[in-house]
K.L.:
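What follows is a single structure, and I will ask about it in a moment.
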Amino acid sequence: MGKGNRNRRDRDDRPKPQPQQVAGMAADEPMPKRDAPGEQGRWAQRVLDQTLHATLFLLNYVAFVDQGGFDVPVTEARREDETQQDYEKRRDVTRMLKETEAAAGSWAELCVDELRNIKPSDAGEVAKIILGEGIEWCRQSSFDPRPSDMVAGARSLLQHLCPAEHKLDAVASMMTILDAVTKGRRLPIDEIAPLNPIGTIHAAAALTGHLFAQAECVPDRAATQRELIDKGKQCADSLSGH
């Protein structure tokens, strides 16, 4: 048996998250078994559903950053015809507008809405998909982020996009993830997601959103957003049978 088959078998043999009901998330149900008679189609549909909602959730964080999320590192270069003072004014106005949008519940509210489509037992896989996007961006750009920068950037995003009642859990999940990364350990998503599904998803999105904000990691934001949008559309089309 090949290594790939062994790895897939090992993943399938791991204990599956037990169904639980979490306020603000979809009604939970067990993950279909991939190799069980008559369940392969349901398993494939559930995987597509996880990918769709992970992508849509991440897009809210990405859109917040791309539209000038305040307290997010500004990576857009100053224009050639723009003085430093004009650049700072433009940046401050953009942040003020973003703060107004956040207060009105735009991207933050969309995150809340998207969580209502995610089952609690899918939280781990959703977080892994989100983190996987950031890992791939780093791989493609050879970007090596500093953990201290990751903490500051992700905290800032959580401050404005994560509901108050989940912020402490999200920060705790974020620190646990970063600790594993810096020590070269396996990502502990399977352990923390069942205990803190909403916080884990927000933590993954905040870390990945911070990477999106770095020009060295994501030099072409528009193209990256388009890739995410296309991925979500492909999943939605597959789920609808198109």
Side-chain angles (χ1 to χ4, degrees), residues 1-20 22 25 28 30-35 43-44 46-55 57-58 61-62 115 118-155 157-158 162 166-212 214 217-218 228 231 235:
M1 182 179 294
K3 182 178 179 181
N5 289 333
R6 288 199 305 272
N7 289 340
R8 185 169 60 249
R9 182 192 62 190
D10 292 341
R11 289 196 299 269
D12 291 344
D13 289 344
R14 287 182 308 195
K16 301 298 187 296
Q18 295 302 307
Q20 57 175 319
V22 175
M25 300 189 77
D28 210 359
M31 180 73 179
K33 295 182 179 179
R34 182 174 185 173
D35 298 324
W43 176 88
R46 184 77 168 263
V47 170
L48 277 172
D49 194 65
Q50 292 168 349
T51 304
L52 170 63
H53 295 300
T55 304
F57 192 89
L58 175 58
Y61 270 76
V62 162
L115 280 168
I118 299 174
K119 298 175 178 62
S121 58
D122 287 345
E125 292 304 318
V126 167
K128 289 177 193 175
I129 292 166
I130 292 172
L131 288 168
E133 294 290 347
I135 292 169
E136 180 61 18
W137 297 340
C138 289
R139 187 194 67 78
Q140 291 179 359
S141 63
S142 299
F143 181 66
D144 187 14
R146 294 191 304 177
S148 59
D149 291 341
M150 293 287 288
V151 170
R155 275 181 180 271
L157 287 169
L158 289 173
C162 182
H166 296 294
K167 281 177 185 172
L168 289 178
D169 288 339
V171 170
S173 294
M174 176 192 73
M175 298 304 295
T176 301
I177 293 168
L178 282 177
D179 183 65
V181 171
T182 56
K183 294 178 180 178
R185 297 175 180 168
R186 179 181 64 83
L187 290 178
I189 303 300
D190 291 329
E191 289 74 34
I192 62 177
L195 302 174
N196 176 22
I198 291 178
T200 301
I201 292 172
H202 271 285
L207 289 167
T208 306
H210 169 73
L211 291 173
F212 178 81
Q214 310 310 306
C217 183
V218 180
L228 289 172
K231 178 181 290 187
C235 290

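Just so you know, residue 1 is the first one in the sequence shown, and it goes up from there.
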K.L.:
Check whether any side-chain heavy atom of Ile189 lies under 4.5 Å from a side-chain heavy atom of Leu131, and answer yes or no.
P.N.:
yes
K.L.:
Could you label the plane-to-plane angle of the Phe57 and His202 rings as parallel, tilted or perpendicular, counting under 30° as parallel and over 60° as perpendicular?
P.N.:
perpendicular
K.L.:
In Å and rounded to the nearest 0.5 Å, what is the NE2 to OG1 distance from His166 to Thr200?
P.N.:
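These two atoms lie 11.0 Å from each other.
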K.L.:
Okay, side chain of Thr51, backbone of Val47: is any donor-acceptor separation there less than 3.5 Å?
P.N.:
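Side chain of Thr51 to backbone of Val47: a pair is present.
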K.L.:
Kindly compute the distance separating OG (Ser173) from CG (Leu178), expressed to the nearest 0.5 Å.
P.N.:
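Result: 11.0 Å between the selected atoms.
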K.L.:
Looking at every heavy atom in both Ala170 and Cys162, which two are closest together, and how far apart are they?
P.N.:
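The pair with the smallest heavy-atom distance is CB-SG, 4.0 Å.
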K.L.:
Name the atoms and distances for all side-chain donor-acceptor pairs under 3.5 Å in residues 143-150, with sequence neighbours left out.
P.N.:
| unit_1 | atom_1 | unit_2 | atom_2 | d |
| --- | --- | --- | --- | --- |
| Arg146 | NE | Asp149 | OD2 | 3.0 |
| Arg146 | NH2 | Asp149 | OD1 | 3.3 |
| Arg146 | NH2 | Asp149 | OD2 | 3.2 |

K.L.:
Do side-chain atoms of Thr208 reach the backbone of Ile130 as a donor and acceptor pair under 3.5 angstrom?
P.N.:
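Between the backbone of Ile130 and the side chain of Thr208 there is a qualifying donor-acceptor contact (under 3.5 Å).
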K.L.:
I want to check something: taking the side chain as every heavy atom from C-beta on, are Leu211 and Val218 in contact at a cut-off of under 4.5 Å?
P.N.:
no
K.L.:
Minimum heavy-atom separation for Trp43 to Pro32, with atom names?
P.N.:
CD1-O, 3.2 Å
K.L.:
So, for Arg46 and Ser121, which heavy atoms are closest and what is the spacing to 0.1 Å?
P.N.:
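Closest approach of Arg46 to Ser121, heavy atoms only: NH2-OG, 3.2 Å.
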K.L.:
Verify side chain to side chain contact (heavy atoms under 4.5 Å, CB included) between Ile177 and Leu207, making sure each step is shown before the conclusion.
P.N.:
CA-CA 9 Å; Ile177 293 168; Leu207 289 167; 4.0 Å; yes
K.L.:
How long is the gap from CG on Asp179 to CE on Met174, to the nearest 0.5 Å?
P.N.:
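Separation between the atoms: 11.5 Å.
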K.L.:
Would you confirm whether Asp122, through its side chain, and Gln50, through its main-chain N or O, come within 3.5 Å as a donor-acceptor pair?
P.N.:
no
K.L.:
Are Ile129 and Val126 packed together at the side-chain level, in the sense that at least one heavy-atom pair is separated by less than 4.5 angstrom?
P.N.:
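A side-chain contact under 4.5 Å is absent here.
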K.L.:
Drop me the distance from Asp169's CG to Asn196's CG, to the nearest 0.5 angstrom.
P.N.:
4.0 Å
K.L.:
With rounding to the nearest 0.5 angstrom, report the OG1 to NZ distance, Thr55 to Lys231.
P.N.:
5.5 Å
K.L.:
Look at Glu191 together with Arg186 and state whether they make a salt bridge at an N to O cut-off of under 4.0 Å.
P.N.:
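The answer is yes: the pair qualifies as a salt bridge.
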K.L.:
Report the residues that fulfil side chain to side chain donor-acceptor pair (under 3.5 Å) with Glu136, sequence neighbours left out, ordered by chain and then residue number.
P.N.:
Arg139, Gln140
K.L.:
If you look at every heavy atom in Cys235 and Leu52, which pair is closest and at what distance?
P.N.:
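Between these two residues, the closest heavy atoms are CB-CB, 3.8 Å.
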K.L.:
Using every non-hydrogen atom in the two residues, find where Pro120 and Pro197 come nearest and quote the distance to one decimal.
P.N.:
O-CB, 4.1 Å
K.L.:
Which atom pair, heavy atoms only, marks the closest approach of Leu157 to His210?
P.N.:
CD1-N, 3.5 Å
K.L.:
For Leu195, does the CG atom sit with more than 12 other heavy atoms under 6.0 Å from it, leaving out its own atoms?
P.N.:
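Count over threshold, so yes.
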K.L.:
Hey, are Lys119 and Glu125 close enough for a salt bridge, meaning a charged N less than 4.0 Å from a carboxylate O?
P.N.:
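The answer is no: the pair does not qualify as a salt bridge.
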K.L.:
So Leu187 and Lys128, side chain to side chain contact (heavy atoms under 4.5 Å, CB included) or not? Walk me through it.
P.N.:
CA-CA 9 Å; Leu187 290 178; Lys128 289 177 193 175; 5.9 Å; no
K.L.:
Carefully, step by step, assess Leu115 and Ile198 under the rule side chain to side chain contact (heavy atoms under 4.5 Å, CB included).
P.N.:
CA-CA 8 Å; Leu115 280 168; Ile198 291 178; 3.8 Å; yes
